[in-house]
*Asks:* 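Have a look at the structure that comes next, please.
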2 protein chains.
Amino acid sequence: MDTDDLGKDRVPRKRRKMQRITMADVAKLAKVSPSTVSLYLRKPDAVSPAAGREIARAIDHLGYVPNLVAGGLAAASSRVVSIIVPSIRNAFFAETVSALQAELTSEGLQVLLGHTEYDKEQEEALVRTALSWAPAAIVLTGLSHSRDTRKLLKAGGIPVLEMWELGGDPLDMAVGFLHPRVGASAAEHLLSKRRRNLAFLGARMQEDHRAAQRAEGFEEACRKGQAASWSVINHPGAATVEAGAILLNRSLQQNPQLDGIACSNDWIALGILFECQRLGVAIPDAISVVGFGDLDFSASCIPSLTTIRPSGDLIGKEAARLILSRIRAAAPPLPAIIDTGHVLIERCSS
Amino acid sequence: MDTDDLGKDRVPRKRRKMQRITMADVAKLAKVSPSTVSLYLRKPDAVSPAAGREIARAIDHLGYVPNLVAGGLAAASSRVVSIIVPSIRNAFFAETVSALQAELTSEGLQVLLGHTEYDKEQEEALVRTALSWAPAAIVLTGLSHSRDTRKLLKAGGIPVLEMWELGGDPLDMAVGFLHPRVGASAAEHLLSKRRRNLAFLGARMQEDHRAAQRAEGFEEACRKGQAASWSVINHPGAATVEAGAILLNRSLQQNPQLDGIACSNDWIALGILFECQRLGVAIPDAISVVGFGDLDFSASCIPSLTTIRPSGDLIGKEAARLILSRIRAAAPPLPAIIDTGHVLIERCSS
DNA sequence: TCATTTCATCGTAGCGCTAAGATGCTCGAA
DNA sequence: TTCGAGCATCTTAGCGCTACGATGAAATGA
């Protein structure tokens, strides 16, 4: 049939013809209206069992996949939680993200991930795009953000959760612990082992200000305790096993009396263990070592590592709990702050 | 009559009054039409410099944040790439995701993350939700998926990329390497070191079938080479340092002649290093060890680890490259397959 | 000179869904 | 019989944006 002849009547614009199966198709097949399908999908109990069965059958038959983009637009909020961490390669954040995601996924929420590489401007850009998705919530790492980031988030009216750090002034919710206390615990432990010449060895502390906070807490405890000498040494690169070896050599050079080391994380501690083995320095006889993180290897290495466990997993779980309760209940924005604390695990390296 | 009718029901429905700043607000302030603003945002070169300046100023002044949800709906495709990996805690995938994301973010694409925990049904559920977002592309790990997953993806009409594995029949694009070849390389290397009683120690191989493939390649090479004896031992739990210790003890018990070990990854290898130190077994004199992964610590541990580097980073970069070219060019769906290969790095443990 | 092309800009119809309010329908009470 | 209440279901108006096609002005050609 030649439709061109009838071309004078209003031709519907050619539009990208998504052949996708829509809710209307399901509705037609189930012999109900689209809104009943929508209702069924959101609150199955609100439709009659008979209609529900029909709809379920139609969905199954057609292989219907709801379009969450359209849903998000209509509902002015999407089933997405945006998580922004410094780096997903970092075992700490990988653990937290993993736990958080497991909890959120089971509630039908998706995770939109971003990493800042410890760059505040990058973070701001990520927050901006995250907001473009009208997420159900935004999770950030730490309490320190650029002024514009704070402004964006305050204007956004979206639940915000800051994790892995406490002690400052959270935008909304916060789950984490006090990093200065971690540094202090390490120092106090070393002092209790009659170590008097201490050092805090950290990496990337110019950017990772949580590590810097641990160093500060360490120094503070040294000052208050009976330490004879103490210092903080930073390696500008990433916190790796190699960095640990470099840091150990620098610190021994600086103070041959050194007998107690706290590390900004367990990778560095492991590097120190290896380097001491290489140098013939006995651990813990000559030097006690305390790590941070309680990573996978910390219990199994030689000697096993005394370390401080921050519970990245618990942070993720608690964060998920707060977010879910906020999303469900639309609770008033009372600042919910959860301190997950830290635990010093004494093993053979101290 | 008409006027009566009009008069009485002109009550506009109360609607969630999003106070959000929209493109129309920007357009009004910049004294252009909304579509010009949209055009400017998508193709800045297509509008006149003068109009562009005005629009940019208006955006800045209002603090306008585009609504990507609406954009995605209108354009029938969102600026999101969905990445599904077994576990983000695994350093391999963390590395790849990180690289992939860095590349995609710089092109304005977001990453929607999911993890399957090596469960095919979980993967199917994730693919389903991923499709609900009408993503610009979907990235999966491995070539092996449930039948429904394959069906969903083929029907989706969305670019699909499978990574970290080659050798099978990809759905669309694939970036990875041949795992059997990795196992074979390890075996050949051990044989070249005059090791004759070999073992492949792996973890979670009932689920991680890429590790199982490496084991198969290892056995195949043993069979073809001059190996006197060989075996494959699996630890059902996760691939950790602890698992390495357990596996070493089991394999020594099984074959005290053992003089060459290949591991399904470097964590296990590290566990073997520690356990050998504990048992007083000299590496590489008594036993040669080859790992897989070339992780952070592999060059620095004692002895430094001979290992096979799979280049998770490169996989991520190449994957991003393929996806971007596909999105931009809407190229015909010729299967693009990239082999990133692997490199054996000889160090002191063999 | 007028027709044609080029270019920036505009008007507007959806994209697929949600949610407020409207509409029936059934049932019990008046 | 009438009236509401209670409930399932439907109608409809957007959500904010993109992309198609139209418009009008300037540039070019014959």
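Bear in mind that the values here come from a model prediction, so they are computed numbers and not experimental data. Lettering follows sequence order; numbering is per chain, from 1.
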*Asks:* For D:dT9 and A:Ser35 - does any side-chain N or O of the residue sit under 4.0 Å from the phosphate oxygens OP1/OP2?
*Replies:* no
*Asks:* Taking NZ from B:Lys43 and P from D:dT18, how many angstroms apart are they, rounded to a whole number?
*Replies:* 11 Å
*Asks:* Assess whether a salt bridge exists between A:Lys120 and A:Glu123, defined as any Lys/Arg side-chain N lying under 4.0 Å from an Asp/Glu carboxylate O.
*Replies:* no
*Asks:* Mind listing the closest non-hydrogen atom pair of A:Ser146 and A:Glu124 along with its distance?
*Replies:* OG-OE1, 2.8 Å
*Asks:* Specify the residue among B:Ala50 and B:Ala70 whose closest nucleotide of DNA chain C lies further upstream toward the 5′ end.
*Replies:* B:Ala50
*Asks:* In terms of heavy-atom contacts, does CD of A:Glu117 have more than 12 from other residues, nucleotides or ligands at under 6.0 Å?
*Replies:* yes
*Asks:* Would you say C:dT9 has OP1 or OP2 under 4.0 Å from some side-chain N or O of B:Ser33?
*Replies:* no
*Asks:* Of the nucleotides C:dT9, C:dT18, C:dG16, which has the atom closest to the A:Ala75 side chain?
*Replies:* C:dT18
*Asks:* Nearest to the A:Leu73 side chain among C:dC10, D:dC15, D:dC17, which nucleotide is it?
*Replies:* D:dC15
*Asks:* Provide, to the nearest angstrom, the distance between the OH atom belonging to B:Tyr40 and the P atom belonging to D:dC17.
*Replies:* 16 Å
*Asks:* Figure out the CZ/C1' separation between B:Arg53 and C:dA8, and round it to whole Å.
*Replies:* 15 Å
*Asks:* Report the distance from atom CZ of B:Arg79 to atom P of C:dC15, rounded to the nearest whole Å.
*Replies:* 22 Å
*Asks:* Any Lys/Arg nitrogen of B:Arg20 or B:Asp25 sitting under 4.0 Å from an Asp/Glu carboxylate oxygen of the other?
*Replies:* no
*Asks:* Across the strands shown, which category fits A:Val32 at heavy-atom distances under 4.0 angstrom: base, sugar-phosphate, nothing?
*Replies:* sugar-phosphate
*Asks:* What's the CG-C1' distance between B:Leu68 and C:dC15, to the nearest Å?
*Replies:* 15 Å
*Asks:* It should be established whether A:Ser38 places a side-chain nitrogen or oxygen under 4.0 Å from OP1 or OP2 of nucleotide C:dC17.
*Replies:* no
*Asks:* What's the closest nucleotide to the A:Arg20 side chain, out of C:dG16, D:dG16, D:dA8?
*Replies:* C:dG16
*Asks:* How many Å lie between CE on A:Met23 and P on C:dA19, as a whole number?
*Replies:* 11 Å
*Asks:* Taking only the side-chain nitrogens and oxygens of B:Arg42, find out if one of them lies under 4.0 Å from OP1 or OP2 of D:dA19.
*Replies:* yes
*Asks:* Figure out the CG/P separation between B:Asn67 and C:dC15, and round it to whole Å.
*Replies:* 18 Å
*Asks:* Can you check the A:Trp133 CH2 to D:dC17 P distance for me, whole Å?
*Replies:* 13 Å
*Asks:* Can you establish whether the number of heavy atoms outside B:Glu107 located under 6.0 Å from its atom CD is more than 12?
*Replies:* yes
*Asks:* Looking only at side-chain atoms of B:Val47, point me to the closest of C:dC15, D:dC10, C:dT9.
*Replies:* C:dT9
*Asks:* Classify the nucleic acid contact of A:Ser48 as base, sugar-phosphate or nothing, counting any heavy atom under 4.0 Å across all strands shown.
*Replies:* sugar-phosphate
*Asks:* With a non-hydrogen cut-off below 4.0 angstrom, is A:Leu39 in contact with a base, only sugar-phosphate, or nothing?
*Replies:* base
*Asks:* Given D:dT9, C:dG16, D:dG16, identify the nucleotide with an atom nearest to the side chain of A:Ala51.
*Replies:* D:dT9
